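Have a look at the structure below, then the notes.
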Amino acid sequence: MFAFSGPAFLISVGYMDPGNWAADLDGGAHFGYQLLWVLVTSNGMAVLLQTLGARLGIATGRDLAQACRESYPRGVNLSLWFLCEIAIVACDLAEVLGAAIALNLLFHIPLLAGVVLTALDTLLLLWLQKLGVRHLEAFVLALIGVIAVCFAVLLFMAKPDAMGVLGGLVPIIDSRSLYTAIAMLGATVMPHNLYLHSALVQTRRIGHTIAEKRTACRWNLVDCAVALNGAMFVNVAILVLAAAVFFRAHKDVSEIQQAYLLLTPLMGTVLAAKLFGVALFASGQSSTLTGTLAGQIIMEGFLNIRIRPWLRRLVTRLLAIVPALAVIWVAGSQGTFRLLLLSQVILNLQLPFAIIPLLHFTNDPARMGPFASGKWLRLGGWTTAAIVVGLNLWLAAQTIAEWANHSGNWAPLVWTGSLAVTGALLGLLGWITLQPYRRQTASRPATLGLEARTAELVTPPVYRRILVPVDHSPLDKLALSHAAALASKNHGRIFLLHVEEGVNSQLYGQESSTAEVEAGRAYLDSLIHSLSEMDIDVEACIRHGSNPKREIVRYAMEIHPDLLVMGAHGHGGLKDLVFGNTINPVRHALNVPILVVRDI
């Protein structure tokens, strides 16, 4: 069990992020225990869908984004990727606001400054990723433990009504509580977690046989049940706490800060408020880690693009920080609470675009083999999808009508724009839903295009024109030895290039004649003589200028080499800043194979 446990705990932190707090606090403070059934139902949906995501990763060795890329046209994949990015930014927005609010409550740091400080958690993530996935999981599990302990103490102090809690398990919903219910659903079943889970399960040693994969599926189900039920406890605790303290005292809560301030007088101790703030901070820090991982997996899966983790994290965080700063500046702390709720509704609106492809893939025997979903799993999955889509359509109709009613003369434009966007999204969703029945692409064996490339690797290239830049360093000998081996084998020609960078060379170019320039020419002559004795055809060139990178690129474009051989000095960081970096700029500017050699 411990060998396979971990991925679901990383997933579970997304189910208790600050966006969940806003939705659960709003539900408990305004409707008491009435919406408790939404949390329980949402958790059941989450366990089902996350288990299916784990099965997809275990059975096929692909995550959900990769499965989409190999099954859908590029336009559809780009649309799905864009919607996923919106969901990740919405989730990150909740984490930014949650962490900023926690810093404000615990240390009285202004909200605007707290939002800016949240960018620093990028460094924490990069450090944890370097330590390995197990250290990352251990850190997240420790934060989950902090959240659980804080709320266990708060629940004991709040003394909720047991009969009221049981009554909240009876499904009741109306137009007044619909928005909050959908926010709670979107906060619980998060779309990007489906992509993330199908990738994280592949960090374990699963094995290749059916029996080994069955073992992995069984223990990942246990992992899901334990982790997500633990997350449900936190969500239930927040809602029950809000119902027992605020709803019972007829205190309207319209922001998280207000809940923090009310806890002390209503519960009679400052400890309650401090525990609330500590749990909120732990929630924001833990959930931001999984959001970053999900963003990397989605971009790599849909677009087959890999960028540096810190850059990916920075872009996502900046996209979240900008609206957070704008809302805090314009609407203050009350605006942050409404923005938190909106972020969770956005997550729920994107959910069908992840659920339906997941159901199609896991129901497909050609893709999943013996791990394809049985009839009960199919029934549960499609029932979940129908509920989510139905609630979204209800919310969309209600929201568009409200916008139009408050738009006055702009109402026709609001109706037109809203219906156009809704129609486009429904068209995309309909295409995804019907695609396996129109074209049998979803039932084809998954390849990711890797098998088609293997045949290209068996034909060795022939290098007849080899360019070697030399700079009077010991690396010249190493680079030339590799170039000579290739040239003598293929009867090729070696082109030697030396760039003079002295002040005279920069000012006078080819007309410069200094002791350094003359030594450079003599050095090239000695290299030509040595290579000629090996019966290797050689040509040499001296260029003058302050930018060796530019001169190498220019000369390469003149002679059109088959291969470029360069020596690497092995320095980086500050030395690159001081002495320059030649290899990277050259390789980005040329469409030529480059052999980089370095002395051991």
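Values in this document were obtained by computation on a predicted structure and should not be read as measured data.
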Could you go through L359 and R378, starting from their C-alpha distance and side-chain angles, then the distance that decides it, and tell me whether this counts as side-chain contact (heavy atoms from CB on, under 4.5 Å)? CA-CA 7 Å; L359 293 177; R378 296 186 184 201; over 6 Å; no
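- Smallest separation of non-hydrogen atoms from M299 and E85: CE-OE2, 4.1 Å.
- Counting all heavy atoms, side chain and backbone alike, N77 lies closest to R69 at ND2-CA, 3.3 Å.
- With Q66 contributing its side chain and D63 its backbone, the two residues share a donor-acceptor pair below 3.5 Å.
- Residues meeting the side chain to side chain donor-acceptor pair (under 3.5 Å) test with R214, sequence neighbours left out: none.
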Assess whether side-chain contact (heavy atoms from CB on, under 4.5 Å) is satisfied between L239 and V38, documenting all intermediate values. CA-CA 11 Å; L239 187 143; V38 176; over 6 Å; no
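- Within a 6.0 Å radius of NE2 in H208, other residues, nucleotides and ligands contribute 12 heavy atoms or fewer.
- Side-chain contact between L351 and V389 is absent, with no heavy-atom pair separated by less than 4.5 Å.
- F371 has its side chain out of reach of T60: every pair of non-hydrogen atoms, C-beta onward, lies at least 4.5 Å apart.
- Scanning both residues, L358 and L49, for their nearest heavy atoms gives CD2-O, 3.5 Å.
- Within the model, atoms CG of L429 and OG of S79 stand 12.0 Å from one another, a figure rounded to the nearest 0.5 Å.
- The CD1 atom of I86 lies 10.0 Å from the CH2 atom of W81; values are rounded to the nearest 0.5 Å.
- Using a 4.5 Å cut-off on side-chain heavy atoms (C-beta onward), T362 and L377 make no contact.
- By the 6.0 Å and 45° rule, R367 stacks over the aromatic ring of F361.
- Under a cut-off of 6.0 angstrom, the local environment of CD1 in I210 is sparse, with at most 12 non-hydrogen atoms contributed by other residues, nucleotides or ligands.
- Of the inter-residue distances, the one linking S198 atom OG with I58 atom CD1 reads 10.5 Å to the nearest 0.5 angstrom.
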Can R55 and T51 be said to form a side-chain contact (heavy atoms from CB on, under 4.5 Å), step by step? CA-CA 6 Å; R55 286 167 67 92; T51 301; 4.2 Å; yes
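- Side-chain contact between T41 and M45 is present, with heavy atoms from C-beta onward closer than 4.5 Å.
- Contact annotation: the side chain of H360 never approaches that of S71 to less than 4.5 Å [non-hydrogen atoms, C-beta and beyond].
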When you look at Y72 and F302, which way does the ring-ring contact (aromatic ring centres under 6.0 Å, His included) test go after all the steps? CA-CA 10 Å; Y72 299 146; F302 277 117; 8.6 Å; no
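- Each side chain to side chain donor-acceptor pair (under 3.5 Å) pair with one or both residues in residues 221-231, not counting sequence neighbours, appears once here: N43-N229.
- Nearest heavy atom pair, residue N363 against residue P365, reads O-CD, 3.1 Å.
- Side-chain N/O atoms of T209 and E212 include a donor and acceptor closer than 3.5 Å.
- The structure places CG of L303 at 7.0 Å from CZ of R74, a figure rounded to the nearest 0.5 Å.
- Taken from CD in Q50 to CG in L221, the straight-line distance is 12.0 Å, to the nearest 0.5 Å.
- The minimum heavy-atom distance between I297 and L196, with the atom names listed, is CD1-CD1, 3.3 Å.
- Put simply, the side chain of W37 does not reach to within 4.5 Å of the side chain of S42, judged on heavy atoms.
- Every residue was checked against the ring-ring contact (aromatic ring centres under 6.0 Å, His included) condition with Y33, not counting sequence neighbours, and none meets it.
- The distance from the CD1 atom of I172 to the CG atom of L35 is 9.0 Å, given to the nearest 0.5 Å.
- When all heavy atoms of A59 and M368 are compared, the pair lying nearest together is CB-CE, 3.8 Å.
- Proximity of Q350 to C84: side-chain heavy atoms (C-beta onward) are separated by under 4.5 Å at one or more points.
- Under the 4.5 Å side-chain criterion, counting only non-hydrogen atoms from C-beta, L428 is in contact with L83.
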